[in-house]
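I have placed the structure first, in the form of structure tokens, so that the comments after it can refer back to it.
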Amino acid sequence: MGLAFQSFSFKRPVPTGVDMIFDCRLLKNPYWVPELRSLTGRSEEVVHYLINDCSWPEFFTKIVDLLEFLLPKYHDAGKAYFQVGFGCSGGQHRSVFVAEIIAEELRKSGWKLTVSHRELVGNELIYE
């Protein structure tokens with residue numbers, strides 16, 4: 001089953017073709033920290049900031065648990081492709097961070113997936 005993650009901003013319409021969406025706006029917004037504003041969710045400083053959010057550990061665990069439960073069921077049902085969206089206010093920090101970290105965790109379980117970030121310059125893609 002083709003699996004893709006996409007981060008995005010809720011300021012624009014939800015990406016087409018997304019099967020499931022996680023709203024990452026419950027996490028602290030790095031945008032409001034002047035030294036983090038120009039960075040992305042891939043930056044070490046932003047990762048450190050968000051990992052230390054008190055909501056992060058439970059949010060992470062619940063998303064991973066849900067996906068590890070659902071994805072094999074969709075696969076077994078014959079779904080050829082599944083896309084998960086991660087949204088936040090600007091699509092630069094929280095959604096990028098969450099998509100990357102969750103993808104990294106699912107890869108440990110053997111899932112092969114792509115990650116794209118709609119709001120980042122050049123729509124950077126990661127293929128693994």
Answer yes if Val64 and Leu71 sit in the same cluster of Ile, Leu, Val, Met, Phe, Trp and Tyr residues linked by side chain heavy atoms under 4.5 Å apart, and no otherwise. yes
Given 3.5 Å as the limit, does a donor-acceptor pair link the side chain of Arg25 with the main chain of Cys88, or not? no
Do Val18 and Met1 share a hydrophobic cluster (ILVMFWY, side-chain heavy atoms under 4.5 Å, transitive)? no
Is a side-chain donor or acceptor of Arg107 paired with a backbone partner of Leu113 at a separation under 3.5 angstrom? yes
I need the minimum non-hydrogen distance between Gly91 and Val96, along with the two atoms involved. O-CG2, 3.5 Å
Got Phe22 and Leu67 here, is their nearest side-chain heavy-atom distance under 4.5 Å? yes
Give the minimum heavy-atom separation between His117 and Ala99, together with the two atoms involved. CE1-CB, 4.2 Å
Non-hydrogen atoms of Tyr49 and Lys28 that approach each other most closely: OH-CB, 3.6 Å
Flag the pair Leu39 / Gln92 as yes when at least one side-chain heavy-atom distance between them is below 4.5 Å, and no otherwise. no
From Phe97 atom CZ to Asp53 atom CG, the distance as rounded to the nearest 0.5 Å: 8.5 Å
Please tell me whether Phe69 and Tyr74 are part of a single hydrophobic cluster in this structure, the criterion being side-chain heavy atoms less than 4.5 Å apart. yes
hydrophobic_cluster_shared for Phe59 and Leu106, side chain cutoff 4.5 Å: yes
Test item: Ile21 and Phe10 side chains (from C-beta on) under 4.5 Å apart, heavy atoms: yes
Got a second to check how far Phe8's CZ is from Ser116's OG, nearest 0.5 Å? 11.0 Å
Taking every heavy atom of Leu36 against every heavy atom of Glu45, the minimum-distance pair comes out as CD2-CB, 3.6 Å
Heavy atoms of Tyr81 and Ala4 approach each other most closely as OH-CB, 3.2 Å
side-chain hydrogen bond (donor to acceptor under 3.5 Å, both in side chains) for Arg94 and Ser7? Distances and angles first, verdict last. CA-CA 9 Å; Arg94 295 170 290 180; Ser7 70; over 6 Å; no
Roughly how far, to the nearest 0.5 Å, is the CD1 atom of Ile101 from the CZ atom of Phe5? 11.5 Å
Could you check whether any side-chain N or O of Ser109 sits under 3.5 Å from a backbone N or O of Trp111, counting only pairs where one atom can act as donor and the other as acceptor? no
With a 4.5 Å limit on heavy-atom distance, are the side chains of Val84 and Ile102 in contact? no
For the student: nearest non-hydrogen atoms of Leu70 and Met20, plus distance: CD1-CE, 3.4 Å
Would you indicate whether Glu44, at its atom CD, is surrounded by more than 12 heavy atoms from other residues, nucleotides or ligands within a distance under 6.0 Å? no
Is any side-chain heavy atom of Thr40 closer than 4.5 Å to a side-chain heavy atom of His93? no
If you group Ile, Leu, Val, Met, Phe, Trp and Tyr by side-chain heavy-atom gaps below 4.5 Å, do Trp56 and Leu26 land in one group? yes
State the CG-OG distance between Leu50 and Ser43, to the nearest 0.5 angstrom. 10.5 Å
CD of Glu100 to CZ of Arg42, rounded to nearest 0.5 Å, is 4.5 Å
Between Phe60 and Ile51, is there a side-chain heavy-atom distance shorter than 4.5 Å? no
Tell me whether Lys108 is salt-bridged to Glu105, with the criterion being a basic N under 4.0 Å from an acidic carboxylate O. yes
